[in-house]
There are 4 protein chains.
Amino acid sequence: MARTADPHRRQSILDAAHSVFARKGYAATGIADVAGELGIGHGTVYRYFQNKRDVAAAVLDRALERIAAVVTAEDATATRSLAEYRAQVERIGHRLYELFAADRALGRLVFHDLGAVDDDLRERLHAAHETFAEYTAAYLRNGVAKGFLRADLDVDTTARVVNGMIFEGAAQVTRTDDPRPLRDRWIRAVVALMFDGIAQHGELGRSEHGPG
Amino acid sequence: MARTADPHRRQSILDAAHSVFARKGYAATGIADVAGELGIGHGTVYRYFQNKRDVAAAVLDRALERIAAVVTAEDATATRSLAEYRAQVERIGHRLYELFAADRALGRLVFHDLGAVDDDLRERLHAAHETFAEYTAAYLRNGVAKGFLRADLDVDTTARVVNGMIFEGAAQVTRTDDPRPLRDRWIRAVVALMFDGIAQHGELGRSEHGPG
Amino acid sequence: MARTADPHRRQSILDAAHSVFARKGYAATGIADVAGELGIGHGTVYRYFQNKRDVAAAVLDRALERIAAVVTAEDATATRSLAEYRAQVERIGHRLYELFAADRALGRLVFHDLGAVDDDLRERLHAAHETFAEYTAAYLRNGVAKGFLRADLDVDTTARVVNGMIFEGAAQVTRTDDPRPLRDRWIRAVVALMFDGIAQHGELGRSEHGPG
Amino acid sequence: MARTADPHRRQSILDAAHSVFARKGYAATGIADVAGELGIGHGTVYRYFQNKRDVAAAVLDRALERIAAVVTAEDATATRSLAEYRAQVERIGHRLYELFAADRALGRLVFHDLGAVDDDLRERLHAAHETFAEYTAAYLRNGVAKGFLRADLDVDTTARVVNGMIFEGAAQVTRTDDPRPLRDRWIRAVVALMFDGIAQHGELGRSEHGPG
DNA sequence: TATGAATGAGTATTCATTCAT
DNA sequence: GATGAATGAATACTCATTCAT
């Protein structure tokens, strides 16, 4: 079986797998590579995990938890004004950007490798997307309730749209060699789009398909 | 390289691979599965493609071309007003949504499986991201030049932000069982965010970190 | 079936196979390589030969015939003196050496590749060895009968020993980059060994195990 | 490289490969055949050898070492007279004959199969030929120096000629069903040729091409 | 007669997993 | 607990051979 108590060693295996999976890709990584990274026998991995897929699942879960920790760090209902919400979005953006910049492997794992392992892991990624969308929706819903966001906002859909912007930033970090300089530009662009719009003041952009 | 010319057979192999890769995942798919889908001998696949990875590369390229065809269908410089640009974004959104809704496999391939095959294919995906960002940037640059978009817009970054929203919609389609009903909500949410903002009129959202 | 009349094309296929088999080795050579050398379709080869092994068999037979033509060029019973036999050995040595030097592929085929194809071809090689031994034995027997070779000569065994020397020369040609300069040294060494012995005159070399 | 140390298992794999390669031929032998001969899993072979070719190379090297052990067992410089050298040649002949008679596979491997595997193995065979020629040359050189062999002997070439005779005997053993009865005839024929010559006493065999 | 597209038998090789030590 | 030797399922790929054109 794969139940063992030493949590430190279990964590170190996940650390190694996180790094090696990101470096070589899940498929190209052998359990021996992970064990080799730690200098332990590869049989040992099987004392902590059922199988290779189980390692990947744990790596993914831990990665998603670290992302969730940032997303859920703020209190959605505490915000009382548009300015407060704007500041909140900036803070979350900062923290996410720093998270992905500090661990380049993170993005490779959640945006590329681990979603391709099997249906179950893809499902977990989707579920995480849903959860993150729920959180964003809570912020928006709070804003609508407090009156500083538009009353006719499609909260659920807009939450996903907003998350799309934010996670595109995270993906960008993963793709870019030296992502730090881009951080402030990125956050500023997201926040400006959300709160200032792209339109020049005085322009009218309603098309015939727009909301009535 | 492809050793043989018959483009019909080659296309049918790519069709089958597109479908089977999306259904089972690249790693879990054997060349025999692809050939079996067509009722041809698996050796035949090797008359048209060097190896399995080569099939995946061709599937990815074709998928990206189909997306690019939608993205590049509009003329960025033709737009003369905010209303025209808004209509353009709506049209592109429609077409992309329909593309991904009509072929559920497409999203699975470009958002999950084929980016995990190897470094080269991941690189091609990144390059496509860049290309798409260039296109969006051209729209924005045109708007700034014509004066209907904000003069201080960070065009390159905003282009990526906008693409993030749009492709999150495509990813959403891929995840959702019956995506059609969501189409108009999605497009409306994106367009509203870009052109109307989320703020209630009269609210002021400038934080201390915001621009100017 | 594999019976076709055009003997010229059949020969050209054998020429190509002779050359390609020697260059790449039998196992590493594909029928397509042989056909490609001639610029003909590889299906065509099967109109002249049953299969790949059949090509190898024909190549081997032709090679052995060319060797046999040299070996059998002289008349064993015509020799009347030791000097005549010595001259005969020199002539055969010259011709064999030239044969293998003119066609480096020949040695590779008969000494290496084609004997490893299967049991049947190895058997044909052995049979050729036997035939060649018969020829050499005929010379020796003639010499014993005519009285210029030792009466107690073990003709059959000595014939093989002599052939061993001669074919080692041929193998040497195959191994050496520029074999021509060695030709005369080689022939002189063989002839000297056979007719002059290696012993210094006056030395006695009979051991206790030697013939009584 | 060999990944594992257990020399016993490694040797047993070489033993099995030696036998199966000789029985079926290298090309027709699968790694599964070798493993099956030992009753081990075929994956196990890959713990001791990189690949099939690597097994063949090790089999060849070991075979050549066994032959070399016989060739190098005598001390070339110890011989002081023609009779001693003659005895030496007889001993080496005996040992080689016994070696090849005791292991019929040996000859098939070194004379047929393993030289056809690829260029590298053929090269190793050639190198072994050279080494063996060096040894024989050392004997001859010693004899010339000590004055019991002809002063005008072409030592290097004659060494190859002598080896040709000797290895033809070994090849003969490999081809013959019951080789033992031939052993003494063979050795006697070689030794007689070298030390007594084939000419009837009193005959003169100098041709016009012979040494002056 | 010549061709080469199609075929699929055959095999080397990898690596997740087990389990005796 | 830890190890790594042993295992064999799984599969990409080759190429001799066939046969419709």
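In what follows, every heavy atom counts, from backbone to side chain, and hydrogens, waters and symmetry copies are set aside. Order of the sequence lines sets the chain letters (A, B, ...), proteins ahead of strands, with each chain counted from 1.
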Exercise for the section: Find the runs of at least 3 consecutive base pairs, i with j, i+1 with j-1 and so on, that include DNA chain E, using Watson-Crick or G-U wobble geometry with both distances under 3.5 Å. Expected result: E:2-21 with F:2-21
Completion exercise
To the nearest angstrom, the CG-C1' distance between D:Asn51 and E:dT11 comes to 13 Å
Exercise for the section: Quickly work out the D:Leu38 CG to F:dT7 C1' distance and round it to whole Å. Expected result: 14 Å
Practice task
Ignoring the backbone of A:Ile40, work out which of E:dT17, F:dT3, F:dT7 is nearest its side chain.
Solution key: F:dT3
Completion exercise
5'-most contact on DNA chain E (nearest-nucleotide basis), C:Gly41 vs D:Ala27, goes to C:Gly41
Give the table of side-chain donor-acceptor pairs shorter than 3.5 Å for residues 34-45 of chain C, with sequence neighbours excluded, one pair per line with atom names and distance.
| from | atom 1 | to | atom 2 | distance (Å) |
| --- | --- | --- | --- | --- |
| C:Glu37 | OE1 | C:Arg23 | NH2 | 3.0 |
| C:Thr44 | OG1 | C:Gly41 | O | 3.2 |

Practice task
Report the nucleotide, chosen from E:dA6, F:dT7, F:dA12, that has the shortest atom-to-atom distance to any side-chain atom of B:Tyr46.
Solution key: F:dA12
Problem - Electrostatic pair B:Asp120:B:Arg124 at N-O distance under 4.0 angstrom - result: yes
Exercise for the section: Can you sort out the partners of C:Gln11 under side chain to side chain contact (heavy atoms under 4.5 Å, CB included), two or more places apart, ordered by chain and number? Expected result: C:Leu14, C:Arg62
For nucleotides 9-11 of chain F, tabulate all protein N/O to nucleotide N/O atom pairs closer than 3.5 Å, reporting atom names and distance.
| from | atom 1 | to | atom 2 | distance (Å) |
| --- | --- | --- | --- | --- |
| F:dA9 | N6 | D:His42 | NE2 | 3.0 |

Practice task
Ignoring hydrogens and angles, tell me if any N or O in the side chain of C:Ser19 forms a donor-acceptor pair with the backbone of C:Asp15 under 3.5 Å.
Solution key: no
Handout entry: Gap between atoms CG and P, on B:Asp6 and F:dT21 respectively (whole Å)
Key = 14 Å
Fill in the blank from the handout: note: A:Tyr48, atom OH; E:dA16, atom C1'; distance rounded to Å ~ 19 Å
Fill in the blank from the handout: Closest to the side chain of C:Thr44, out of F:dA2, F:dA6, E:dA2, is E:dA2
Handout entry: Distance in angstrom units between C:Gln50 CD and F:dC19 P, rounded
Key = 14 Å
Problem - Pairing residues for C:Ala22 by the side chain to side chain contact (heavy atoms under 4.5 Å, CB included) criterion, not counting sequence neighbours - result: C:Ala105, C:Arg108, C:Leu109
Exercise for the section: Return no unless some side-chain N or O of B:Arg47 is found under 4.0 Å from OP1 or OP2 of E:dG4. Expected result: no
Practice task
For B:Arg9 and E:dG4, give me the distance from atom CZ to atom C1', rounded to whole Å.
Solution key: 14 Å
Problem - Length of the line joining A:Asp54:CG and E:dT18:P, which is rounded to integer Å - result: 12 Å
Exercise for the section: For the pair D:Lys52 (side chain) and D:Tyr26 (backbone), establish whether a donor and an acceptor sit closer than 3.5 Å, ignoring hydrogens and angles. Expected result: yes
Practice task
For B:Asp118 and B:Leu121, indicate whether the former's side chain and the latter's backbone hold a donor-acceptor pair under 3.5 Å.
Solution key: yes
Exercise for the section: Give me the ring orientation class for C:His126 and D:His112: parallel if the planes are under 30° apart, tilted from 30 to 60°, perpendicular past 60°. Expected result: tilted
Problem - Gap between atoms CZ and P, on C:Phe49 and F:dA16 respectively (whole Å) - result: 15 Å
Practice task
Can you sort out the partners of A:Arg122 under salt bridge (Lys or Arg N to Asp or Glu O under 4.0 Å), two or more places apart, ordered by chain and number?
Solution key: A:Asp119
Practice task
Quick one: label D:Arg53 by what it contacts on the DNA or RNA (base, sugar-phosphate, nothing), any heavy atom closer than 4.0 Å.
Solution key: nothing
